[in-house]
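Okay, so here's the structure we're looking at.
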Amino acid sequence: MSDKIEITGSDLSDALARRLAQHLQRSGLEIGDPLPTEAELGAVLEVGRQRIREALSVLEAFGIVVSRQGARRVWRGFRAADLATRWIGFVDDPEAATRELLEVRHALETSLLPLVIPRLQPSDLARLRLLSEEMVERALRNESFAELDQQFHRGLLAPMGNAFVDQFLQSFWVVFAAARREEPVEEDPAIAAMHGRIIDAIEAGDTRRAVHELDAHFYGVRNRYPDIDFGTTAALPV
């Protein structure tokens with residue numbers, strides 16, 4: 001029995017796309033910068049222009065690079081939210097995807113909050129307070145506060161400086177927007193007000209209560225998704 005692995009044309013194309021993406025990422029390109037020409041990339045990677053063109057098409061499909069009519073492609077970088085935008089178009093049940101991502105968010109945010117609190121500055125808390133107050137005002141008018149909710153939760157974890165966490169949170173709202181596209185807005189002022197209680201606890205220096213309030217917030221949100229059994233996921237400090 002031979003241990004030889006057959007390498008298909010598809011495998012080679014995927015491998016070249018990965019090599020190309022790694023090369024572009026390491027080349028110091030900033031978001032919006034034009035890419036080198038196909039000929040230049042082919043010379044660096046030692047492949048023909050047609051294969052470079054095919055690899056670039058793969059990266060375009062993932063939103064990593066963007067083509068422009070009559071101009072060179074530009075670098076977008078690796079953005080989970082862009083991938084979620086493309087992925088959700090192929091999901092037959094965005095509502096189920098939202099529920100599952102919400103479960104992950106619940107575990108992630110309540111677990112990370114004790115690590116974030118010591119890094120939050122007064123200016124961070126002031127901005128989060130304003131967002132929480134505006135959410136309540138919008139909810140009372142029965143207007144969607146999803147955009148403010150996204151800013152609040154991303155801002156709450158921003159001091160970690162973890163790009164992957166931030167991109168994951170962005171991805172949730174991409175999926176959420178797709179799931180709610182056809183439904184009327186039904187906002188709950190009580191859920192909106194929970195954000196302010198999280199800030200109250202942080203400003204009081206009570207980490208345990210802050211995590212409890214965040215946990216309670218997710219329990220409030222889960223009422224939209226009653227088939228998920230959320231548990232208290234945070235490891236509270238003693």
Name each donor-acceptor pair under 3.5 Å that joins a side chain in residues 192-200 to protein atoms two or more places apart or in another chain, with its distance.
from   : atom 1 : to     : atom 2 : distance (Å)
His195 : ND1    : Ala192 : O      : 2.9
His195 : NE2    : Asp149 : OD1    : 2.7
His195 : NE2    : His153 : NE2    : 3.3
Asp200 : OD1    : Arg129 : NH1    : 2.9
Asp200 : OD1    : Arg129 : NH2    : 2.8

For a 4.5 angstrom cut-off between non-hydrogen side-chain atoms, does Leu156 reach Ile202? yes
Find out if a path of hydrophobic residues (ILVMFWY) with successive side-chain heavy-atom gaps under 4.5 Å connects Phe145 to Leu140. no
For Ala146 versus Ser144, what's the shortest heavy-atom pair and its separation? N-OG, 3.3 Å
Just wondering, do Met160 and Val116 contact through their side chains at under 4.5 Å, heavy atoms? yes
CZ/Arg76 to CG/Leu29 distance, rounded to the nearest 0.5 angstrom? 14.0 Å
To the nearest 0.5 Å, what is the distance between CG on Leu125 and OG on Ser132? 10.5 Å
Heavy-atom check, side chain of Val65 versus side chain of Val74, under 4.5 Å: no
Are any non-hydrogen side-chain atoms of Leu169 and Glu109 less than 4.5 angstrom apart? yes
When clusters are formed by joining ILVMFWY residues with side-chain heavy atoms under 4.5 Å apart, either directly or through shared neighbours, do Ile191 and Leu130 land in the same one? no
Inter-residue atom distance Glu103.CD - Arg105.CZ, 0.5 Å rounding: 13.0 Å
Nearest heavy-atom neighbours spanning Pro36 and Arg72: CA-NH2, 3.7 Å
Distance col, row Thr110:OG1 vs Asp215:CG, nearest 0.5 angstrom, shows 5.5 Å
Is there a donor-acceptor contact under 3.5 Å linking the side chains of Arg53 and Gln50? yes
Hey, are the side chains of Leu115 and Leu112 touching, using non-hydrogen atoms and a 4.5 Å cut-off? yes
In Å and rounded to the nearest 0.5 Å, what is the CG to CD1 distance from Leu20 to Ile52? 5.5 Å
Could you tell me which non-hydrogen atom of Trp75 sits nearest to which non-hydrogen atom of Glu30, and how far apart they are? CD1-O, 3.7 Å
Side chain to side chain, Tyr219 and His106, heavy atoms closer than 4.5 Å: yes
Check against side chain to side chain contact (heavy atoms under 4.5 Å, CB included), Thr37 and Leu41: CA-CA 6 Å; Thr37 66; Leu41 292 171; over 6 Å; no
According to a 4.5 Å side-chain heavy-atom criterion applied to Ile, Leu, Val, Met, Phe, Trp and Tyr, with indirect links allowed, do Leu35 and Ile64 form part of one hydrophobic cluster? yes
ILVMFWY network linking Leu148 to Leu102, side-chain heavy atoms under 4.5 angstrom: yes
Val66 versus Arg73: any side-chain heavy-atom pair under 4.5 Å? no
Could you tell me whether the side chain of Glu213 and the main chain of Ala210 form a donor-acceptor pair under 3.5 Å? no
Is a donor on one side and an acceptor on the other found under 3.5 Å between the side chain of Arg154 and the backbone of Gln170? no
Salt bridge check: are Glu40 and Arg49 linked by an N-O gap of less than 4.0 Å? no
Which atom pair, heavy atoms only, marks the closest approach of Arg19 to Leu45? NH2-O, 3.1 Å
Are any of the side-chain heavy atoms of Asp166 and Leu157 separated by less than 4.5 Å? no
Nearest heavy-atom approach of Phe152 to Leu128 is O-CD2, 3.4 Å
To the nearest 0.5 Å, what is the distance between CD on Gln151 and CD on Glu134? 10.0 Å
If every non-hydrogen atom of Val58 is compared with every non-hydrogen atom of Ala17, which pair is closest and at what distance? CG1-CB, 3.9 Å
